[in-house]
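Protein chains get the first letters and strands the later ones, always in sequence-line order, with residue 1 at the start of each.
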Number of protein chains: 2
Amino acid sequence: MDTGTPTPRRRMRADARRNYERLLAEAAAAFAEHGADFSLEGIARRAGVANGTFYGHFATRRTLLEALLGDRMRTLAATGTELLAARSPFEGLATWARAAMVHTTIYRGLGAALMQAVEDETSELHTACKAVLAAGEELVARARTAGEVRPDVTAPDLYALVNAAAWAGEQSSPPQGERLLAFGLDGFRTSATGRE
Amino acid sequence: MDTGTPTPRRRMRADARRNYERLLAEAAAAFAEHGADFSLEGIARRAGVANGTFYGHFATRRTLLEALLGDRMRTLAATGTELLAARSPFEGLATWARAAMVHTTIYRGLGAALMQAVEDETSELHTACKAVLAAGEELVARARTAGEVRPDVTAPDLYALVNAAAWAGEQSSPPQGERLLAFGLDGFRTSATGRE
DNA sequence: TAGAAAAGTTGAGACTGTCTCGATATCTTT
DNA sequence: AAAGATATCGAGACAGTCTCAACTTTTCTA
């Protein structure tokens, strides 16, 4: 579905493409090791290019992170679509939510970037986010039709829950994130409609 | 309950105390305006002291933020205790949760600091957090006894939910945070115990 | 394939911010 | 009022972000 090779915008000169990829590779390594707060200058240094070159490819830290995330997001959306075939609609939804949370947790520190990307049209990630949201929407719609979740649950609710739970897990401990996700999902269920 | 005057550790020299207070005041203003990412150097500048003086009072950004938050936290704990008198235990809990979320939202960007402070014994805020957690625990316990929330709901769950919802509200829109909180609280309810 | 045009790279440098520390100034105490 | 304890000062060592004009490499085209 995806070559694994990062996707620069258009045709690039050969040397430019080489640098682009080296930078992205270094960034991925730095990210895996330190989260989102690595030094951009350091990335350039380790990739063996001048920092001006770095900025030529990625105007801001955000641009870089977005390039890093795009592929993952698309995969997640695909997983969502597969789960539409799950026996229980609610279970499909819950399974997907857990997978999404793991995804977000791996990219620790990026929850904020993700949340903002959905709303920001200028974000590179916007398209990918929309796809994820669409996948979520389908899962939610199916569960709703089956009467397994409340009628007022929306895809953005799901998206927010997943990201918030991932965030909570990052701040305290991963199990806390999972608990939160579980409670939230239960809050989505039809049986939870506490009339007051 | 609280003089409103920030609380330096011990007896300080008069000039030192004056500087301490000016710094804290500037920090509060900067915080209100830009969230947690203001420049420490700038605070010193605006307070009219050398930056070395700043660092003499607050070793790290965190120290400063903690000083800024302590009082608010204590207030929140007190509110929790008052709400123990609410007619409906669940409503008392929910009301407090909403208040706590507002509190956290005002101090936008500090959710992370709060979450970590609970677990970090070296934090100035640790005591205040414990107090908040204790207040939450009492509210949860009361609701649990009344059979209004699941038996496995804990104060840390509540704490995590509130902070995560506040975070979500910061990232997208405040209403999204409130929705998340509502779903989470419903997930806490006894009726939501989806056996599977 | 040479030369021109396009595309990309370079690294110095202008800023800003974090943090340290010895010299200096200011309180407090006796 | 002098000594001693406390603070403040501000220069300076670093690191990071970002820009830009000069320069180099690639690609295009005749």
Side-chain angles (χ1 to χ4, degrees), chain A residues 5-31 33-68 109-110 112-113 116 122-124, chain B residues 5-31 33-68 109-110 112-113 122 124:
Chain A
T5 306
T7 316
R9 324 190 151 116
R10 281 238 156 211
R11 194 95 71 69
M12 279 173 136
R13 235 170 64 173
D15 56 343
R17 171 143 204 156
R18 198 165 44 244
N19 286 334
Y20 180 92
E21 280 168 20
R22 292 202 57 179
L23 285 168
L24 215 41
E26 288 300 336
F31 190 89
E33 207 166 341
H34 307 97
D37 278 344
F38 49 80
S39 143
L40 302 183
E41 198 185 16
I43 299 297
R45 212 159 35 226
R46 264 177 290 162
V49 301
N51 65 15
T53 301
F54 174 91
Y55 287 101
H57 286 290
F58 307 101
T60 66
R61 156 177 268 108
R62 184 169 162 180
T63 311
L64 173 60
L65 293 177
E66 287 176 352
L68 224 39
L110 254 58
Q116 280 153 12
T122 72
S123 167
E124 282 277 319
Chain B
T5 305
T7 319
R9 325 193 149 112
R10 281 232 155 219
R11 194 94 71 70
M12 281 172 135
R13 233 169 68 174
D15 56 345
R17 170 143 205 158
R18 198 165 44 243
N19 285 334
Y20 180 91
E21 279 166 22
R22 292 204 56 179
L23 285 168
L24 215 40
E26 288 300 336
F31 190 89
E33 207 167 341
H34 306 98
D37 277 344
F38 49 81
S39 144
L40 303 183
E41 198 183 18
I43 299 298
R45 211 160 34 226
R46 264 177 290 163
V49 302
N51 65 14
T53 301
F54 174 92
Y55 287 102
H57 285 290
F58 307 101
T60 66
R61 156 176 267 107
R62 184 168 163 179
T63 311
L64 173 60
L65 293 177
E66 287 177 352
L68 223 38
L110 254 60
T122 71
E124 282 278 321

Please list, chain by chain and in numerical order, all residues satisfying salt bridge (charged side-chain N to carboxylate O under 4.0 Å, His left out) with [X], sequence neighbours excluded.
X       : value
B:Glu26 : none
B:Arg62 : B:Glu66, B:Asp120
A:Arg46 : none
A:Arg18 : none

Could you state the [atom1]-[atom2] distance from [X] to [N], rounded to the nearest angstrom?
X       : N      : atom1 : atom2 : answer
A:Arg17 : D:dT27 : CZ    : P     : 12 Å
A:Tyr55 : C:dA14 : OH    : P     : 17 Å
A:Arg22 : C:dG8  : CZ    : P     : 18 Å
B:Phe54 : D:dG10 : CZ    : C1'   : 16 Å
B:Leu64 : C:dC19 : CG    : C1'   : 15 Å
B:Arg61 : C:dG17 : CZ    : C1'   : 9 Å
B:Phe58 : C:dT18 : CZ    : P     : 14 Å
A:Glu41 : C:dC15 : CD    : C1'   : 13 Å

Phosphate oxygens OP1/OP2 of [N]: is one of them under 4.0 Å from a side-chain N or O of [X]?
X       : N      : result
A:His57 : C:dT9  : yes
B:Ser39 : C:dT16 : no
A:Thr60 : D:dT17 : no

Residues in ring pair (Phe, Tyr, Trp, His ring centres under 6.0 Å) with A:Phe38, at least two apart?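 Partners of A:Phe38 by the ring pair (Phe, Tyr, Trp, His ring centres under 6.0 Å) criterion come out as none, since no residue qualifies.
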Quick one: list whatever passes ring pair (Phe, Tyr, Trp, His ring centres under 6.0 Å) with A:Phe31, sequence neighbours left out.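 If we apply the ring pair (Phe, Tyr, Trp, His ring centres under 6.0 Å) test to A:Phe31, skipping adjacent residues, the hits are A:Tyr107.
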Of all pairs that satisfy salt bridge (charged side-chain N to carboxylate O under 4.0 Å, His left out), the ones with a partner from residues 49-61 of chain B, not counting sequence neighbours: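 Every candidate salt bridge (charged side-chain N to carboxylate O under 4.0 Å, His left out) pair involving residues 49-61 of chain B fails, so no pair, neighbours aside, qualifies.
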Work out which heavy atom in B:Leu23 is nearest to a heavy atom in B:Phe58; give both atom names and the distance.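 That would be CB-CE1, 3.9 Å.
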A:Ile43 and A:Ala30: which non-hydrogen atoms are nearest, and at how many Å?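 Nearest pair, atom of A:Ile43 first, then A:Ala30: CD1-CB, 3.6 Å.
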Under a 4.5 Å cut-off applied to non-hydrogen side-chain atoms, are B:His57 and B:Asn19 in contact?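 Result yes, sub-4.5 Å side-chain heavy-atom pair found.
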All side chain to side chain donor-acceptor pair (under 3.5 Å) counterparts of B:Ser39, not counting sequence neighbours: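 With neighbours one apart ignored, the set is empty.
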Sugar-phosphate atoms are those with a prime plus P, OP1 and OP2; base atoms are the rest. Using that split, label each nucleotide of nucleotides 22-30 of chain C B, S or - for protein heavy atoms under 4.0 Å, 5' to 3'. ----BSS--
Heteroatom pairs (N/O) under 3.5 angstrom, protein to nucleotides 1-3 of chain C:
none

For DNA chain D, the residues among residues 43-53 of chain B that have a non-hydrogen atom under 4.0 Å from it: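 Output list: B:Val49, B:Ala50, B:Asn51, B:Gly52, B:Thr53.
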